[in-house]
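A note on names: the letters A, B, ... follow the listed sequences, proteins ahead of strands, and every chain is numbered from 1.
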2 protein chains.
Amino acid sequence: MEQMSRNLAFQLKKIRQQRHLSLDDVAKATGVSKAQLAQIEKGEANPTVSTIWKIAAGLRISFSSLLQAPTAHFMKYSSKDAPHVDEDDGRYRVYSIIPYNPERGWELYKIEMEPGAISRSEAHTEGVEETVTVIQGQAVISAGEMHELLEEGDTLVFSGHQPHEYKNTSEKLTILHLILQYK
Amino acid sequence: MEQMSRNLAFQLKKIRQQRHLSLDDVAKATGVSKAQLAQIEKGEANPTVSTIWKIAAGLRISFSSLLQAPTAHFMKYSSKDAPHVDEDDGRYRVYSIIPYNPERGWELYKIEMEPGAISRSEAHTEGVEETVTVIQGQAVISAGEMHELLEEGDTLVFSGHQPHEYKNTSEKLTILHLILQYK
DNA sequence: TCTTAATGTTTATTAGAGTATACATATGTC
DNA sequence: GACATATGTATACTCTAATAAACATTAAGA
């Protein structure tokens with residue numbers, strides 16, 4: 001969320017410096033106050049869309065070039081911090097490893113299923129694709145009329161717009177990685 | 001500028017209705033208050049980036065799908081209202097027909113040049129492409145080392161990253177259309 | 001050295017973004 | 001018909017985005 005502010009900060013500063021403009025220059029070109037521009041470049045601002053519009057228009061650039069994430073990141077997500085949700089009386093546990101992010105377009109979950117644990121999902125909104133990999137144990141995945149037994153190392157891709165079901169058919173704890181991709 | 005608000009209004013409402021969600025549903029999913037969401041959908045709000053982030057993340061959509069302009073427009077720009085700038089003692093007049101817009105990426109000018117009028121431009125920032133069409137009269141366009149005489153109906157495209165010059169070499173008023181395209 | 005100009009920073013103020021709450025209006029359903 | 005639930009609207013309040021102005025800092029010229 002202040003992800004965005006960081007992107008903006010980075011991109012605006014980059015463009016401004018590439019063009020050898022001062023804050024005053026940009027303020028004049030865009031109609032946004034110098035103080036606000038400085039705040040934005042420091043990532044300490046939460047500008048409104050009209051401010052972003054003014055900056056983009058004044059600088060003759062697109063939104064994407066302003067909101068784009070700078071390329072290389074280096075960011076650790078600890079599975080210890082991952083929030084989790086339980087189903088099936090705690091025998092089916094879902095951990096959010098990488099939360100959804102509008103720039104990325106997908107999210108990653110780890111799922112732990114006790115033997116026999118089961119989870120049913122209604123169809124989600126159109127355009128969701130699920131990619132499940134079995135890290136340990138085995139599971140039967142059903143989606144609509146289709147069924148598939150997955151064992152360690154197997155991966156299944158299917159469209160989430162139909163009701164589907166995950167079931168641990170083994171005698172041990174099953175662990176899955178689930179990627180949800182939104183169109 | 002409230003162009004943006006309109007886009008947002010349109011796209012948010014569209015997505016919400018496609019998914020059969022109420023304002024309360026969206027408020028719960030995104031963490032943005034119902035009142036604010038209502039304002040946004042009416043185009044009466046000027047949300048901050050963090051609010052847009054929350055909406056996009058909560059609804060699992062990208063920014064572009066929120067900020068995108070709805071397809072068909074129907075918008076008249078009157079040349080009477082066009083602001084204009086003079087150069088060369090008023091003998092070179094520039095009218096902004098379509099102002100720059102971050103979604104569009106280009107702008108359109110009409111230029112009127114009295115006989116003999118001349119205009120020189122420094123190199124603008126990298127990645128600007130100029131497309132000049134002679135509507136009436138004739139003009140010599142120079143860019144860097146290149147020169148070209150354009151007569152009625154002729155069009156020239158050149159890169160604006162070098163110093164360039166427009167000159168009316170005819171005995172009558174010359175009128176140009178100039179499109180500036182930014183990368 | 002002193003002055004001037006150009007830059008970014010800090011501060012005080014105001015305008016409005018965002019929230020929470022209460023209100024209005026349906027649409028069932030018993 | 002009365003009650004409950006779900007939906008969008010309107011209102012009062014808080015917090016902060018945005019501005020304008022003063023300030024600090026540096027560099028350049030005379």
Measure the distance from [atom1] on [X] to [atom2] on [N] and round it to the nearest whole Å.
{"X": "K42(B)", "N": "dT7(D)", "atom1": "NZ", "atom2": "C1'", "answer": "13 Å"}
{"X": "I40(A)", "N": "dA17(D)", "atom1": "CD1", "atom2": "P", "answer": "10 Å"}
{"X": "N46(A)", "N": "dA18(D)", "atom1": "CG", "atom2": "C1'", "answer": "12 Å"}
{"X": "E44(A)", "N": "dT16(D)", "atom1": "CD", "atom2": "C1'", "answer": "14 Å"}

Output the residues of residues 17-36 of chain A in contact with DNA chain D, where contact means a heavy atom of the residue under 4.0 Å from an atom of the strand; sort by number or write none.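 Output list: G31(A), V32(A), S33(A), A35(A), Q36(A).
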Could you list by number each residue of residues 55-67 of chain B showing a heavy-atom separation from DNA chain C of less than 4.0 Å, or answer none if no residue does?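 Heavy-atom cutoff 4.0 Å gives no residues at all.
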Who else is in the cluster with I175(B) when I, L, V, M, F, W and Y are joined by side-chain contacts under 4.5 Å?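 I175(B) clusters with I135(B), L173(B).
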side-chain contact (heavy atoms from CB on, under 4.5 Å) with [X]: which residues, sequence neighbours excluded?
{"X": "K42(B)", "answer": "E44(B)"}
{"X": "A38(A)", "answer": "L23(A)"}
{"X": "D88(B)", "answer": "R91(B), Y92(B), A117(B), I118(B)"}
{"X": "T131(B)", "answer": "E129(B), T155(B), V157(B), I179(B)"}

Can you list everything that forms a ring pair (Phe, Tyr, Trp, His ring centres under 6.0 Å) with H161(A)? Sequence neighbours excluded, please.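 None.
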Suppose we screen for ring pair (Phe, Tyr, Trp, His ring centres under 6.0 Å). Which residues come up paired with Y109(B), at least two apart in sequence or across chains?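 For Y109(B) there are no ring pair (Phe, Tyr, Trp, His ring centres under 6.0 Å) partners, ignoring immediate neighbours.
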Under a criterion of less than 4.0 angstrom to any heavy atom of chain B, what are the 5'-terminal and 3'-terminal contacting nucleotides of DNA chain C?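 Range of nucleotides touched by chain B: dA17(C) to dA20(C).
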What side-chain donor-acceptor pairs closer than 3.5 Å can you find for residues 142-149 of chain B, not counting sequence neighbours?
from    : atom 1 : to      : atom 2 : distance (Å)
S142(B) : OG     : H147(B) : ND1    : 2.9

Pair listing, salt bridge (charged side-chain N to carboxylate O under 4.0 Å, His left out) test, anchored in residues 56-65 of chain A, at least two apart: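 Residue pairs passing salt bridge (charged side-chain N to carboxylate O under 4.0 Å, His left out), neighbours aside: R60(A)-E107(B).
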Between R93(A) and E114(A), is there a salt bridge with N-O shorter than 4.0 Å?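 Salt bridge: yes.
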